[in-house]
Amino acid sequence: MCGIVGYVGPSLDSRPMDVAVGGLRRLQYRGYDSAGVALATPAGLHVVKRAGKLEILEAALFEASPPPATAALGHTRWATHGAPTDANAHPHIGGQGRCAIVHNGIIENHAVLRQELADQGVVFASDTDTEVAAHLLAAALEQTGDLTAAMLRTVARLEGAFTLLAVADDVPSTVVGARRSSPLVVGLGDGENFLGSDVAAFIEHTRQALELGEDQVVTMTPQSVKVVDFAGQEVHPRPFTVDWDANAAVKGGFPTFMNKEIHDQPDAIAKTLLGRVDQAGRLQLDELRIDEAVLRRVDKIVVVACGTAAYAGHVAKYAIEHWCRIPTEVELAHEFRYRDPVVDEKTLVVAISQSGETMDTIMAVRHARDQGAKVIAVVNTMGSTIPREADAALYTHAGPEIAVASTKAFLAQITATYLLGLYLAQLRGTLFADEVRAVLAELEAIPDKVGDVIAGEDRIRHLARSMADIGSVLFLGRHVGYPVALEGALKLKELAYIHAEGFAAGELKHGPIALIEPGRVVFVVVPSPRGRDQLHAKVLSNISEINARGARTVVIAEEGDVEVAGVAGEVVYVPQTPTLLAPLVTTPPLQIFACELATAKGLDVDQPRNLAKSVTVE
Ligand code: M6R
């Protein structure tokens, strides 16, 4: 969950610190309760770390004016072991300043190791699991005199998931990193090299990267990058070029990343659709390197994901079942793995993840592959674990998503799963070619429609500000509107810390109606009247039932739906869109509402309390 940066450069100057702090700025979404840097200089290591947000560390660095350095480590923390204090912040020191390390993950056997080290006379300065690794590394350095060899000895003692980066006082132009079940990518510069929890850490400086595999150790100097496995054998990781635009990771004039990313959505959808159709008008998904015969044999699809990504999976289920006639289940990744699911070689598992590093989803992917299923990853972050471990990857091209709460990645995930559904329908012949083309044409029109919805944001923001003191909000939807309701509720919980629940509208009378009382705010996602007649009529009845009990309804409905205006309190109209694609236009108003209400409450919408963007522990 923490963010990690490493840098080594050719000269002794302030660049290592600048790169580390700049990288942390881009990785803050991974954790933000404390931060620190270690600078490697010919005169020794220099560590500065502070509890609180990165600005506090930046102020401390400004005041202390640290010495010029040749290498640096940076860390932004999401606390697991030990409260967010200066002492528990990373880097941690071993051997009285001989080495410094930063860590992401959890060292599961830390208690045993701590006792063992304490028995040897080691005095601990923090409550973290990480510090045991710092002391083990220092001891191994004493024995081997070599930072890489010491790292190999250290990781051999650790159980759990970890990324570790280390510097030592006698090799100020070397950074060593290790990874097991926790992310780490290498950035290849010109006479300088980088490490990061993900590519956002260094895209400002280089787009050339290396994908590190499980259980590997990397040793970096300004001129070289060498990778070995935990047994010390040299390996050659796959190089790749990052296609993200570095400018996408800055606010670009918006007050927050969340506001910017909401506005990025038309572009995220357009880029995810780009280049998918060949000259004959057939949908091509070049990254889907799974034998067509295998895809034709698939008799069940299981989507695994967590949080917002799982809601994208819910939307996918409606579309895939309708277009492909393949039974499709959606399962929270952490539940999937532990319930002994029926999965075999004819099962296609679709793992959806923005970060590609969600541990619950990684474990579900591993479990599915162990059972013989093929796995397609729908992922936004190149170089991450899930696409590397899956049989094929379908990338969303949303660009870096920095705000912790997901917005543009959600719409890009939905778009990518539509492409997957259409591709399978084309391959298996469940849709005619002209039907596939017709849906693709509708999809091509979506970015403009989403742009229109966002252009109408003032009205939604006004509404949100007028409700800044509400206590609890319900969200209702039917069919594809149901996962949109779930996502609307999640956004409000995450951003505004308001109790919110999403329900299938049909469920209202089975219990949730007891929550309806005068003054309660209820959002309703109304299906198109041009879709299934019954759906529209039934949701309108739900609205009347809510009105009758004195609650206040805010409905998201399609332009031209005059009937809804007669029953709803407030109507936010969105452009007419085919039923299955409607989540792409009905979601943004709910994102904007949550974002503005949180802002009105004075909350930090980019870094909501207690959350981390990338949940890399189970
Ligand atoms: O990186 P992932 O898409 O795998 O993350 C999954 C969830 O942790 C994520 O969607 C989470 O629910 C966000 N906070 C939603 O805004």
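Order of listing sets the numbers, starting from 1, for every ligand and every atom in it. Index from 1, following the sequence.
In the vicinity of Ala405, heavy-atom distances shorter than 4.0 Å reach the ligand 1 atoms 16 (O). Against a heavy-atom cut-off of under 4.0 Å, Ser353 is close to the following atoms of ligand 1: 1 (O), 2 (P), 3 (O), 4 (O). For ligand 1, the atoms closer than 4.0 angstrom to any heavy atom of Gln354 are 1 (O), 2 (P), 3 (O), 4 (O). Listed by number with element, the atoms of ligand 1 under 4.0 angstrom from any heavy atom of Ala309 are 3 (O), 10 (O). Taking every non-hydrogen atom of Ser355 and a distance limit under 4.0 Å, the qualifying atoms of ligand 1 come out as 1 (O), 2 (P), 4 (O). Listed by atom number, the atoms of ligand 1 under 4.0 Å from Lys491 heavy atoms are 15 (C), 16 (O).
Ranking protein heavy atoms by distance to atom 10 (O) of ligand 1, first place goes to Thr308 N, 3.2 Å. Annotation: atom 5 (O) of ligand 1 to nearest protein heavy atom, Thr358 OG1, 3.4 Å. For atom 8 (O) of ligand 1, the nearest non-hydrogen atom of the protein is Val615 CG2, 4.2 Å. Protein heavy atom in closest approach to atom 14 (N) of ligand 1: Glu494 OE2, 2.4 Å.
At a heavy-atom distance under 4.0 Å, no atom of Glu357 approaches ligand 1.
Put simply, the residue from Leu188, Val185, Val186 that forms a side-chain contact (heavy atoms from CB on, under 4.5 Å) with Phe202 is Val185. When each of Thr130, Asn104, Val102, Thr128 is tested with Arg77 by the rule side-chain contact (heavy atoms from CB on, under 4.5 Å), just one qualifies, namely Thr128.
Closest approach of Phe503 and Leu515 over heavy atoms only: CZ-CD1, 4.4 Å.
Remark: among candidates Cys306, Gly307, Ala305, the nearest residue to atom 6 (C) of ligand 1 is Cys306, based on non-hydrogen atoms.
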Output, in order, the C-alpha distance, side-chain angles, deciding distance and verdict of side-chain contact (heavy atoms from CB on, under 4.5 Å) for Glu487 and Thr587.
CA-CA 8 Å; Glu487 173 61 4; Thr587 303; 4.3 Å; yes
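The residues Arg369 and Asp391 are annotated as salt-bridged, a charged nitrogen and a carboxylate oxygen being separated by less than 4.0 angstrom.
Judged by the 6.0 Å distance and 45° axis criteria, Arg609 is positioned over the aromatic ring of Tyr497.
At under 3.5 Å, not a single nitrogen or oxygen of Thr361, backbone or side chain, sits near a nitrogen or oxygen of ligand 1.
Glu357 and Thr385 are linked by a side-chain donor-acceptor pair at a separation below 3.5 angstrom, with hydrogens and angles left out of the test.
Looking only at distances, a side-chain donor or acceptor of Asn380 sits under 3.5 Å from a matching main-chain atom of Ala398. A donor-acceptor contact shorter than 3.5 Å links the side chain of Asp606 to the backbone of Met258.
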